[in-house]
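Convention: sequence-line order gives letters A, B, ...; per-chain numbering from 1. Scope of the values below: all heavy atoms of this structure, side chains included, with no hydrogens, waters or symmetry mates. Note that the structure is predicted; figures quoted are calculated from it, not measured.
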Protein chains: 2
Amino acid sequence: MNTNEKLLIIPLGGLGEIGKNMTVFRYGDDIIVIDSGLAFPEEDMLGIDLVIPDMTYLIENKDKIKAVVLTHGHEDHIGSLFYLLRQVDVPVYGSPLTLGLVEGRLKEYDVSDRRLIPVAPGDSIKLGQFEVGFIRVNHSISDALAISLKTPIGTIVHTGDFKIDQTPVDGKMIDIHKFAELGNQGVLVLLSDSTNAERAGYTKSERTVSEVLDEYFASTKGRIILTTFASNVSRLQQAINSAITYGRKVALLGRSMVTVVNKAAELGYMDIPEGVLIGVEEINRYPDNQILILTTGSQGEPMAALSRLASKNHRSLELTPGDTVLIAATPIPGNERSVGRTIDALMRLGVNVVYERGSGIHVSGHGSQEELKLILNLTRPRYLIPVHGEHRMLKQHGRLANEIGIPKENVFIGENGHVFEFTAETGRFAGKVASGKIFVDGLGVGDVGNIVIRDRRQLSQDGVLIVVVTLDKAKGCILDGPDIVSRGFVYVRDSDALIDEARNIVKGVLERFENQPITEWAPLKSGIREALTKYLFSKTGRRPMILPIIMDL
Amino acid sequence: MNTNEKLLIIPLGGLGEIGKNMTVFRYGDDIIVIDSGLAFPEEDMLGIDLVIPDMTYLIENKDKIKAVVLTHGHEDHIGSLFYLLRQVDVPVYGSPLTLGLVEGRLKEYDVSDRRLIPVAPGDSIKLGQFEVGFIRVNHSISDALAISLKTPIGTIVHTGDFKIDQTPVDGKMIDIHKFAELGNQGVLVLLSDSTNAERAGYTKSERTVSEVLDEYFASTKGRIILTTFASNVSRLQQAINSAITYGRKVALLGRSMVTVVNKAAELGYMDIPEGVLIGVEEINRYPDNQILILTTGSQGEPMAALSRLASKNHRSLELTPGDTVLIAATPIPGNERSVGRTIDALMRLGVNVVYERGSGIHVSGHGSQEELKLILNLTRPRYLIPVHGEHRMLKQHGRLANEIGIPKENVFIGENGHVFEFTAETGRFAGKVASGKIFVDGLGVGDVGNIVIRDRRQLSQDGVLIVVVTLDKAKGCILDGPDIVSRGFVYVRDSDALIDEARNIVKGVLERFENQPITEWAPLKSGIREALTKYLFSKTGRRPMILPIIMDL
């Protein structure tokens, strides 16, 4: 055993942001990766489908990677695994539901031959010099795990996403005894979920949703349409339980709802008695008060089933004024407007919509301040690295740690790519590795960067105006054109005068270059660009992208 | 007096949306317009600067308009006045601060010769068959008014934006006696602010902010930077009062902050003793604990002063770890992410940031449910038209009215453009007029519509690819090209092979048309478009806008 080695902890995602969680642990020549998630693009990342972490460090050190260990099956923890596994062939450890959800994704991306190894809470596996332990936690998806990593110089605990649910729906409470035991043995570094570090108190138990749902089911006469994240298996189970109690059949709407419920039922994470599920096409065979529809779209996603229902655009179902929609989710920051629009559209149909925060049909999957402090007190780590959160949440988590007695210098508020180096006694910031946001756009990973995005931004604001002219290169005279084509700039049919004058301005520029052989196009093109930019801005207050194209014969 | 006339109420903005408030009141041949506001563009309105109401109805009836009456000086109530006044020359009534703010805007738009007539609470003016009364209300800007319109068949009350502040900072409480008096005399229709119809209880008094500010000023050692809406004159006054109490000089940052404070002080709405205000360049002459900076940027607007400070991009000021930033505002829906980013950036500079909802340095300017019910109970209207709010807020306001005894059939939940027709005894929905969102983009008003926006959307997602080829029209052969230019699609330097192959595909299409005189370009162009779309999607998963341009000689 080499206890002179240093332990490096390198978060590649999830710090200073919500999403694309990924952390690298290196001891000597052994690397363990915890989670490989994605983030959804922000509004200024035009045309981007997904955002994944920069994995340069892992690819450069691919021979050292012993395994990827997954905490749970949410996209922000598993969604970039396909990309990592394309380049490195390493085993993936996770709980059965997590791996079940991973499997589907890997098939889509043609890397389905990788080894997926199921583990259970309490398991312990030796991977290089790491002894990896799996600890049950509660979260808004079943089968979530925290990870312990024992190394020769000390133990690391990574909570993953968690809450402390003392009355969980599936009866499987977070293993607080294990956290206590690890604390007694000594924890060198704790990495802990900061998502709700700004929220005082305790997060409510998922079970409290059950009672609220039962009340709605008891008092509602028409059809009930419930939307939540498809991966929230416990929430779906509770809705199905209420449906059974009150004699309703259950139909599933939306691709991910169907996928997750089938996978969860197949693996035994949901208990759905025979005859409860019906097809969407069967809904009309039952009276309204015998129907529950579980649907995607809780974030107001324009293409999801609920949005289609709200805009009367769904191919097989139409909502009517007797229906009640229960929105069992809160908008993720950035989605408030789209969720609001969906609610308004539903209400315009005369549908009854239950959506208020206070309605009790949603609780968070992340622990609040008292829970974060409890995990800190149970594990008593020497060092804390707050993870999973915007910078202000990490800072708030750090303050909580200070309050329970961890000194400021032992809390590391980091950025993605920071390297934290530990010995058995010390911890320090030790430089940086490559990090950042890699854009996935269509089939391309990383080929769209700042230049392309900058162009898209200009195009999105004022459109494009293309000037084409065919010149006789030798004589410098115009053979054809200038022709002007624009898109996204002005409504072309109403803009003849503007475009005619623009054409004259281009001719004026060309005259300056006439009757001489043209050796370089650049001055001509920039002359056209400048003259047009000035003219168009004076007339319209807009700055379209101007593209002069010169053909020569 | 003709009491056989019908009263028409036509909201042209503000229903089913936040912003661009505007309501038309017509009795016989007399029209009064209350407010003429703008809305800020939603995220899918690419390149749009402002959104204003469709005013076709007013322009068609311009000779009947007696006046525009303004409730207060916020942009969502005055921001489209310039456009209305460009086409109709009618007087504008409002309180002095409101008109002071209007004046500046009209100058920008070259309609500064219109008659602006100041009124005071309690005033009453005869305009055609309308007797217009002005009633003081409380709001997050000084000098806000509700409007009463007496007609031969009954009285209308329009609250404007309001809250009931029983301890207002300027000592001028909403005139609840006037509302009571109108209620006693009989109100036919009430139009009332629905912004906070979803919030239970009472909105806190602006004065409560004072005490909280004093606490921060007492305990803060470094510079204090406070941001709020520039138009919230009372909030700014309180901050300045705290600064005076604790011996701090006050500097103003951001164009609108300077404009509003100067205008408000000039008109006597703010009391700033000599020697308190200093220039930004003087800040460094004072110790940190003697400085208060009031700045714009409370919504995380990227170009506002606070965002520039956060990104170390401000030309004359730099923040340091000893500074404290107080964010005395909550994010407007849609701005959560940009506000979050600003807070995170400030924290990364080591600045102390106070921003939590619970911090008490912000209260809403709109009345909550108890206040809405109180106005309903005071005015006892026969009919209610909830205004100013998303559809769900209007509905919630309607439910409150039902609770206090107004029957459902007497509450009109409308849409912009709906015509509500009243007699002394009856009210009904009576058709629609033109309505909608008119886009302002640069200098153009209404010239950018769905086609231009749709093109911008496509350009923003996957960019543009232009194919230019010069043909001999008679022989059908290629003289030059095809040349391919793309922007916002792929990173051009890394895409030689892709573009080369695209060029070959275009040549292939052209060959099909070779050696024959070309009479029509359309089949050739659509052939190029289809072949390229298919090829590019198969290689990149993207669908750029493809623009074939053919030059012929």
Side-chain angles (χ1 to χ4, degrees), chain A residues 16 42-43 46-47 198 333-334 336-337 340 343-345 347-348 353 355-356 390-392 395 441-444 447-449 451-453 455-464 466 468-470 479-481 483 485 487-491 494-495 537 539-542 545 547 549 551-553, chain B residues 16 42-43 46-47 198 333-334 336-337 340 343-345 347-348 353 355-356 390-392 395 441-444 447-449 451-453 455-464 466 468-470 479-481 483 485 487-491 494-495 537 539-542 545 547 549 551-553:
Chain A
E42 295 184 28
E43 61 277 19
L46 297 173
E198 297 177 299
E336 291 83 356
R337 275 191 180 191
I343 294 169
D344 281 355
M347 284 193 168
R348 285 196 169 96
V353 186
Y355 63 94
E356 289 99 333
E390 309 278 1
H391 191 76
R392 60 190 182 280
K395 280 231 166 152
D441 181 3
L443 302 175
D447 66 329
V448 167
I451 292 174
V452 173
I453 295 289
D455 284 348
R456 287 183 186 172
R457 203 164 298 147
Q458 193 186 353
L459 291 167
S460 76
Q461 291 303 298
D462 290 329
V464 62
I466 302 142
V468 190
V469 61
T470 306
L479 295 175
D480 191 22
D483 282 11
V485 175
R487 288 290 187 281
F489 167 49
V490 290
Y491 186 54
D494 295 343
S495 309
F537 187 76
K539 288 292 172 188
T540 66
R542 299 173 203 162
M545 179 183 281
L547 296 176
I549 301 176
M551 310 293 283
D552 61 286
L553 292 176
Chain B
E42 296 185 28
E43 61 278 21
L46 297 173
E198 298 176 299
E336 292 83 356
R337 274 193 180 189
I343 294 169
D344 282 354
M347 283 192 167
R348 285 196 169 96
V353 187
Y355 63 94
E356 289 99 334
E390 309 278 1
H391 191 76
R392 61 190 181 280
K395 280 232 165 153
D441 182 3
L443 303 175
D447 66 330
V448 167
I451 291 174
V452 173
I453 295 288
D455 284 347
R456 287 183 187 171
R457 204 164 298 146
Q458 194 188 352
L459 291 166
S460 77
Q461 292 303 299
D462 289 328
V464 62
I466 302 142
V468 189
V469 60
T470 306
L479 294 175
D480 192 24
D483 282 11
V485 175
R487 287 290 187 283
F489 167 50
V490 289
Y491 187 54
D494 295 342
S495 308
F537 186 76
K539 287 291 172 190
T540 65
R542 297 172 205 163
M545 179 183 281
L547 295 176
I549 302 176
M551 309 293 283
D552 61 286
L553 292 175

Interchain contact, B:Asp447 with chain A, by part (heavy-atom threshold 4.5 Å): both
Heavy-atom pair count under 4.5 Å with chain B, highest-scoring of A:Ile549, A:Ile453, A:Ile343: A:Ile549
Region of A:Asp494 in contact with chain B, defined by heavy-atom distances below 4.5 Å: neither
Which portion of A:Glu336 sits near chain B, non-hydrogen atoms under 4.5 angstrom: side chain
Side chain, backbone, both or neither of A:Tyr355 within contact of chain B (heavy atoms, under 4.5 Å): side chain
Residue selection (most heavy-atom pairs with chain B, distance under 4.5 Å) from A:Gly541, A:Ser460, A:Gly442, A:Gly340: A:Ser460
Largest heavy-atom contact set with chain B, pairs under 4.5 Å, which of A:Glu43, A:Met551, A:Met347: A:Met551
Region of A:Arg392 that comes under 4.5 Å of a non-hydrogen atom in chain B: both
Options A:Thr470, A:Leu46, A:Thr540, ranked by heavy-atom pairs under 4.5 Å with chain B, top entry: A:Thr540
Residue A:Val353 versus chain B: region with a heavy atom under 4.5 Å: neither
Spatial distance of atom CE (B:Met545) from atom CD1 (B:Ile466) [nearest 0.5 Å]: 10.0 Å
Under 3.5 Å: donor-acceptor pair, side chain of A:Asp480, backbone of B:Asp552: yes
Heavy-atom pair count under 4.5 Å with chain B, highest-scoring of A:Arg337, A:Glu198, A:Arg457, A:Glu42: A:Arg337
Heavy-atom contact with chain B under 4.5 Å, split by part of A:Leu479: both
Proximal component of B:Arg487, with respect to chain A [non-hydrogen, under 4.5 Å]: both
Segment of A:Val485 engaging chain B (4.5 angstrom heavy-atom cut-off): side chain
Proximity breakdown for A:Gln458 and chain B, heavy-atom pairs closer than 4.5 Å: neither
Residue, of B:Val490, B:Asp483, B:Val452, B:Val464, that accumulates the most heavy atom pairs under 4.5 Å with chain A: B:Val452
Heavy-atom side-chain contact between B:Asp462 and A:Arg456 under 4.5 Å: yes
Best-contacting candidate, A:Val469, A:Val448, A:Val468, against chain B by heavy atom pairs under 4.5 angstrom: A:Val468
With sequence neighbours excluded, residues passing side chain to side chain contact (heavy atoms under 4.5 Å, CB included) with A:Arg348: A:Asp344, B:His391, B:Glu415
